[in-house]
Peer 1: 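Below is one structure. I have some questions about it.
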2 protein chains.
Amino acid sequence: MATISDVAAYAGVGVGTVSRVLNKSTKVAEPTRSRVLAAIEVLDYRPSPLARGLSSGRSHTLGLLVPFFTHASAIERLRGVVAGLHNSHYDLVLFDVESPMQRDEHFAALTGRDRADGLLVMSLPPPAVELARMVSAGVPVVLVDARGAGVAMVVTDDVEGGRIATRHLVELGHERIAFMGEPPDNPFGFSSSALREQGYREVLDANGVPRDARLVAYGAHDREMARRLATKWLTARDRPTAVFASSDVQATGILAAAGDSGLRVPDDLSVVGFDDIEISSYVGLTTVRQPLFESGRIGVELLLSALEVDRSRKPTRATKNQRPWSPPGPHGEVPEPIVRELPLELVLRTTTARLEQRTVGV
Amino acid sequence: MATISDVAAYAGVGVGTVSRVLNKSTKVAEPTRSRVLAAIEVLDYRPSPLARGLSSGRSHTLGLLVPFFTHASAIERLRGVVAGLHNSHYDLVLFDVESPMQRDEHFAALTGRDRADGLLVMSLPPPAVELARMVSAGVPVVLVDARGAGVAMVVTDDVEGGRIATRHLVELGHERIAFMGEPPDNPFGFSSSALREQGYREVLDANGVPRDARLVAYGAHDREMARRLATKWLTARDRPTAVFASSDVQATGILAAAGDSGLRVPDDLSVVGFDDIEISSYVGLTTVRQPLFESGRIGVELLLSALEVDRSRKPTRATKNQRPWSPPGPHGEVPEPIVRELPLELVLRTTTARLEQRTVGV
DNA sequence: TTGAAAGCGTTACCAC
DNA sequence: GTGGTAACGCTTTCAA
């Protein structure tokens, strides 16, 4: 495979010149330029991204950290990321996280400069140490569906989401409303589910609907698990008449459990989910929609613009006699981190209905 | 950020030694070793993958080329890839392909050495030029759901898949069986749909079922498009009693069209899909299952083992006085490329039924 | 506008 | 075992 000096030799110019035409630097005479281009063509030359990266200090790569990559909601966000990356000339490196250990490994790797020019972190509150390291290393980071001090983020109001779902159920006349979520004390620090539950509680209390601890259950983000959990509820004597699940995946499990128990939805049981993943429209699930695709797209958008700013301010590499560049801050003029809050919306489909009076107390 | 020489200086050793402990080369005395480790710890040193790659000739990266990344089947394959990559220490770089131009760009980029150590190509027959270039560059390539001369591949027998689906319908007594697929003359050279159609034709002919050109339709891999196409069929006087769709996505569109037309499935219309994506089990679609997840997992598996072999044979880089290594072949001992054919299986659910005699000729 | 040369941070070779 | 040093292929000064 030809190198830049092969090209230079063939074209009868110096490597610097070849580099200049490669990087569209205008300071190259037209005849020289075309000679170089011809040489590139003939030798089928392709620049080495590795060498380019090492030399310029930019890897032209974006790192994407996603927990449970296989979840429909993560995939949907990923779609948005890929869409937002089109025509950007950045490569996307994917890091799937399935365990806290893996999370830490990946964070450690990505934290060192030059693995990625920028980092997109999904649904994962970064450990404080890692976050600090990134910020101090000057690596632009954007958090999607997660929060962290001092970095840009794309979020939704989960508490409000919980309120929206629960309010809908209360307005339909339900009083025995169950909540199914994910364990609040998980090793990753995911908090969405707990926040949605908070909204659920608020609305129940505000409407004087008595809370019943037995109507709150936690399980893994998994259809079958939700199905088992729901079955316990549905076969009990004083079963709930409605359920709010903190994810559509769990909601579909609840739907399945209802079928198992011979309960009709929405006549005998109302179900509200959260997310609005693709499957939800197929099964007619009423749910709180969050803009998953958009969150990914906006995430990269923020990251790309941060990278843009970065490039114009920061020298590509420390040159010999030049005082080292340092991040923003000596005068406390740390810019307010960007926070984009995406809207939540109740999508009414066919799994919720007004509580039939005859059902009460059966 | 600390470099290897910072570490060397701090530990009072040479950079070579640091490199040795980093690469777990045993040739280093225990006391030295721990001193280096301590220095690494103190300085919070992280090796630069870029520099490492440039020097060693390996980027520790695998390239994944996927067309229409957003399709459920692609995602399912990708899940397999990610699963197969766990604990492998390779980074995954994702290249989504949405147009022939994009395909060529990405192929061109990935073909140059050092972008990726190995390449996984999905559902995309590589242009002959690119394929030749990769092979001659010695970059291991594995094709998943695509075929190409001289490279490893993971495939299924699409013609047989078409036979399986059609045979099922014929055995249920259907005679007006439609086929919906994707355009046979697409710019990417996808051939799965055409091959499945071939199987469809074979079975029809073998059973003396007359073929009707009006019962063959092509449209994009898109639910709504399929819905529109199917509506034309279903509202015609001599409508088909069964449809074989070359993908589950199209099949769900057909199901929707049936609903629009007031046709009951499977009583009035039988539908068989292809793929068995997640949604299919939700809607009870009878389909020809292909191991999507497995195809991805096995694909990386093949790639990783090719990389392994590669590493043991090929010098990491040309050293000064040493004749250049060349790919296998002077004595025609080109190894037979590995071809893994994955099994197809008919998954019976609730969208197909025996043709009711009363329906005939209505 | 151009060529020469100094890095970029590693690995791998070659002596000691 | 270990240190020194030449690559690796590029970008970016610095002179000319």
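What you see below is based on every heavy atom in this structure, not just the backbone, and it leaves out hydrogens, waters and symmetry mates.
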Peer 1: Arg58(A) has an atom CZ; how far is it from atom P of dG9(D), in whole Å?
Peer 2: 23 Å

Peer 1: Once rounded to the nearest 0.5 Å, what's the spacing between atom CE of Met122(B) and atom OG of Ser295(B)?
Peer 2: 5.5 Å

Peer 1: Does the side chain of Ser19(B) get closer than 4.0 angstrom to OP1 or OP2 of dT11(C) through an N or O atom?
Peer 2: yes

Peer 1: So does Ser55(A) reach the base of dG7(C) with its side chain, donor to acceptor, closer than 3.5 Å?
Peer 2: yes

Peer 1: Using a 3.5 Å distance criterion without hydrogens, assess whether the side chain of Ser55(A) forms a donor-acceptor pair with backbone atoms of Arg52(A).
Peer 2: no

Peer 1: Can you tell me how far P of dG9(D) sits from CZ of Arg52(B), to the nearest Å?
Peer 2: 18 Å

Peer 1: Between Thr17(A) and dG3(C), is there a contact of a side-chain N or O with OP1 or OP2 at under 4.0 Å?
Peer 2: yes

Peer 1: Among residues 34-46 of chain B, which ones have heavy-atom contacts with DNA chain C below 4.0 Å?
Peer 2: Tyr45(B), Arg46(B)

Peer 1: Between dT2(D), dT11(C), dT10(C), spot the one nearest the side chain of Asn23(B), thanks.
Peer 2: dT11(C)

Peer 1: Looking at Thr32(B), I'd like to know whether one of its side-chain N or O atoms comes within less than 4.0 Å of OP1 or OP2 on dT2(D).
Peer 2: yes

Peer 1: Between OH of Tyr90(A) and CG of Leu304(A), what distance do you get to the nearest 0.5 Å?
Peer 2: 7.0 Å

Peer 1: To the nearest Å, how far apart are Leu54(A) CG and dC10(D) P?
Peer 2: 12 Å

Peer 1: For a quick test of reading the model, state the closest non-hydrogen atom pair linking Val139(B) to Gly118(B) and the distance between them.
Peer 2: CG1-CA, 4.1 Å

Peer 1: May I ask you to test the Pro47(A)-Ile4(A) pair for a side-chain heavy-atom distance under 4.5 Å?
Peer 2: no

Peer 1: Classify Val15(A) by what it touches in the nucleic acid, base, sugar-phosphate, or nothing, heavy-atom distance under 4.0 Å.
Peer 2: base

Peer 1: Rounded to the nearest Å, what distance is computed from the CZ atom of residue Arg115(A) to the P atom of nucleotide dG9(C)?
Peer 2: 16 Å

Peer 1: Just the rounded figure in Å: distance from C1' of dG9(D) to CG of Leu50(B).
Peer 2: 11 Å

Peer 1: Once you round it to whole Å, what is the distance between P of dA15(C) and NZ of Lys27(B)?
Peer 2: 17 Å

Peer 1: Of the options dT10(C), dT12(D), dG9(D), whose atoms approach the side-chain atoms of Thr3(A) most closely?
Peer 2: dG9(D)

Peer 1: Given atom CG of Asp114(B) and atom P of dA7(D), what is their separation to the nearest angstrom?
Peer 2: 19 Å

Peer 1: I'd like to know if the side chain of Asp91(B) pairs up with that of Thr61(B) as donor and acceptor (distance under 3.5 Å, no hydrogens or angles considered).
Peer 2: no

Peer 1: Using every non-hydrogen atom in the two residues, find where Val13(A) and Arg35(A) come nearest and quote the distance to one decimal.
Peer 2: CG1-NH1, 4.1 Å

Peer 1: Heavy atoms under 4.0 Å, any strand shown: does Pro49(B) hit a base, just sugar-phosphate, or nothing?
Peer 2: nothing

Peer 1: To the side chain of Arg20(A), which of dA4(C), dC8(D), dG9(D) is closest?
Peer 2: dA4(C)

Peer 1: Indicate, with yes or no, if the rings of Phe68(B) and Phe188(B) have centres closer together than 6.0 Å.
Peer 2: yes

Peer 1: I need the CD1-P distance between Ile4(A) and dA5(C), as an integer number of Å.
Peer 2: 16 Å

Peer 1: Quick check on DNA chain D: between Ser5(A) and Gly12(B), whose nearest nucleotide comes earlier from the 5' end?
Peer 2: Gly12(B)

